[in-house]
Amino acid sequence: MNESLTCDVVVVGAGVVGAACALYAARAGLDAVVVDRGPVAGGTTGAGEGNLLVSDKEPGPELELALLSARLWAELAREGLGKAVEYEAKGGVVVAGSEAARAGLEELAAGQRAAGVEAVSVPADRLTDLEPYLAPGLAGGVHYPQDAQVMPALAAAHLLRASGARLLTGREVTGVLRGPGGAVRGVHTDKGDIHAPAVVNAAGTWGGEVAARAGVALPVLPRRGFVLVTEPLPPRVRHKVYAADYVADVASDSAALQTSPVVEGTPAGPVLIGASRERVGFDRSLSLPALRALAAGATRLFPFLAGVRAMRTYAGFRPYLPDHLPAIGPDPRAPGLHHACGHEGAGIGLATGTGHLIAQVLTGQAPGLDLGPFRPDRFTEEAE
């Protein structure tokens, strides 16, 4: 049945970023409708590990957004959402396999400390105090107490529920309504129009498609990643643990397969093993080289994993923008259109800060962070 709705803001995308945008918009007094062609957390969110990390961010705009987001996640946990979304303030441990890697990690940590990150250097002989099952022979590491974890699909669902927003799943946005002068007036869907003076593009990997339907360009690309899930185990991995080269992989522009071990336990018992990155479009086919590399990297960090069965694997697509920063804020090319996408592999962690900033812009407040580096039209300017 086709129907027409009216609200203050339409959020396109029912992943965790869209859910956070709806929550903070509602808290700012706005009537929000969230629309998605699939189910809640049906895209990148549902294929994520749930990382809420500051440790993998170099000093700059993304780290500022990560620190804001970490504070907001902790606030939501204190308000009572923590148990529902499996929030764990477990901290992270980044380890270096060589003296050269350790020196690079210490240099990064020094810059992060200056930006407000808690980063505690750990000498090689104290690593097993934090992680008793780590491999011997590592050169040292850094402990990041601010790193945390949520269960992504639960986070999206509970943020949406807490928002009170109207949720319309199984409904595809086929166009963006424009008024006189090009101002946004809502969205066309395959089941009727939704009228609103503001539209938030939180469509993740499909953010470029939604932008195009509003007549603007946003070069979002999919970057595929796999996660291995082990059989349930007794608690053996206490923190989010990853190798120092993970940070370089995140920042890389390469389309080729890259893997760096990221290992963590879950409340249910299975250990999650990532992280791979490659640009292969929306190809979901299983990559044995990627899975073998993940398994090998994980067992180098935690030798006990060599005797553990991998029960399943899943793939997802990170929404990647060429300069590794998300698009957040109003689009001057289409007044009333706002973007909240392109977070690559950090969207779950950065969702709360993104939603908070979008709500500030929607209600005419000065945003708490400078949105200049996140301008959605910055790529158009580069092309000119």
- Just do the side-chain contact (heavy atoms from CB on, under 4.5 Å) check on V40 and L167 with the steps written out, would you? CA-CA 9 Å; V40 172; L167 174 63; 3.6 Å; yes
Between [X] and [Y] (salt bridge meaning N to carboxylate O under 4.0 Å), is one present in this structure?
X: E75; Y: R71; value: no
X: R27; Y: E79; value: yes
X: R37; Y: D190; value: no
X: E264; Y: R238; value: no
X: D323; Y: R378; value: yes

Can you give me the closest heavy-atom contact between [X] and [Y], atom names plus distance?
X: R236; Y: Y133; value: O-CD1, 3.5 Å
X: V9; Y: C7; value: O-SG, 3.4 Å
X: V227; Y: T313; value: O-OG1, 2.9 Å
X: L72; Y: H356; value: CD1-CB, 3.6 Å
X: T354; Y: S69; value: N-OG, 4.4 Å

Measure the shortest side-chain to side-chain distance between [X] and [Y] over non-hydrogen atoms and say whether it is less than 4.5 angstrom.
X: Y144; Y: L53; answer: no
X: L362; Y: H338; answer: yes
X: L67; Y: V117; answer: yes

- Message: If you apply the rule side-chain contact (heavy atoms from CB on, under 4.5 Å), what do you find for L294 with S276, and how did you get there?
- Response: CA-CA 7 Å; L294 290 178; S276 69; 4.2 Å; yes
- Using the side-chain contact (heavy atoms from CB on, under 4.5 Å) rule, take L52 and V150 through it: C-alpha gap first, then chi angles, then the decisive distance, then the call. CA-CA 7 Å; L52 315 180; V150 292; 3.8 Å; yes
- V237 reachable from V229 in the ILVMFWY side-chain graph, under 4.5 Å edges: no
- Item | R223 to F317, cation-pi by 6.0 Å centre distance and 45° axis angle | no
- Message: Does H324 form a side chain to side chain donor-acceptor pair (under 3.5 Å) with E344? I'd like the steps, not just the answer.
- Response: CA-CA 7 Å; H324 299 282; E344 202 168 330; 3.0 Å; yes
- Applying the side chain to side chain contact (heavy atoms under 4.5 Å, CB included) test to C21, which of T352, I328, V200, N201 qualifies? V200
- Check: L221 main-chain N/O paired with R318 side-chain donor or acceptor under 3.5 Å: no
- Apply side-chain contact (heavy atoms from CB on, under 4.5 Å) to V187 and L177, showing your working. CA-CA 5 Å; V187 296; L177 301 169; 5.7 Å; no
